[in-house]
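The structure appears below as structure tokens.
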Amino acid sequence: MSCEGCVGAVKRVLGKLEGVESYDINLKEQKVTVKGNVQPDAVFQTVSKSGKKTSFWEQESAPDATKDKPAETVAAA
């Protein structure tokens, strides 16, 4: 992702994905974090449909409070 247009494309496809509760897009780091009841592969394929290069990032250590809600992080360039 290199511009707000790219961010908009990713937002559009994630907004249609069932099970997504929230997502955070960091343009500077080219990182998308998705929270909800959704399979990692579904997130990956959905973001790929935006036409952006995608790959999984290693999940960072999360505080214990977020253990109940899985988060998947996908890089979109």
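Both backbone and side-chain heavy atoms feed into the values below; hydrogens, waters and symmetry mates do not.
- To the nearest 0.5 Å, atoms NZ (Lys53) and CD (Gln30) are separated by 9.0 Å.
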Derivation and outcome, side-chain contact (heavy atoms from CB on, under 4.5 Å), residues Glu18 and Val38: CA-CA 7 Å; Glu18 189 174 330; Val38 62; over 6 Å; no
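- By the side chain to side chain contact (heavy atoms under 4.5 Å, CB included) test, Gln45 pairs with no residue at all, sequence neighbours left out.
- The hydrophobic clustering, which links ILVMFWY residues whose side-chain heavy atoms are closer than 4.5 Å, places Val13 and Val43 apart.
- The two residues Thr46 and Leu14 make their nearest non-hydrogen contact at CG2-N, 4.3 Å.
- With sequence neighbours excluded, the residues forming a side chain to side chain donor-acceptor pair (under 3.5 Å) with Ser48 are Thr54, listed by chain and number.
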Verdict with supporting geometry, Leu17 and Tyr23, side-chain contact (heavy atoms from CB on, under 4.5 Å): CA-CA 11 Å; Leu17 184 60; Tyr23 53 86; over 6 Å; no
Worked verdict on Val32 versus Asp24 for side-chain contact (heavy atoms from CB on, under 4.5 Å): CA-CA 6 Å; Val32 179; Asp24 179 58; over 6 Å; no
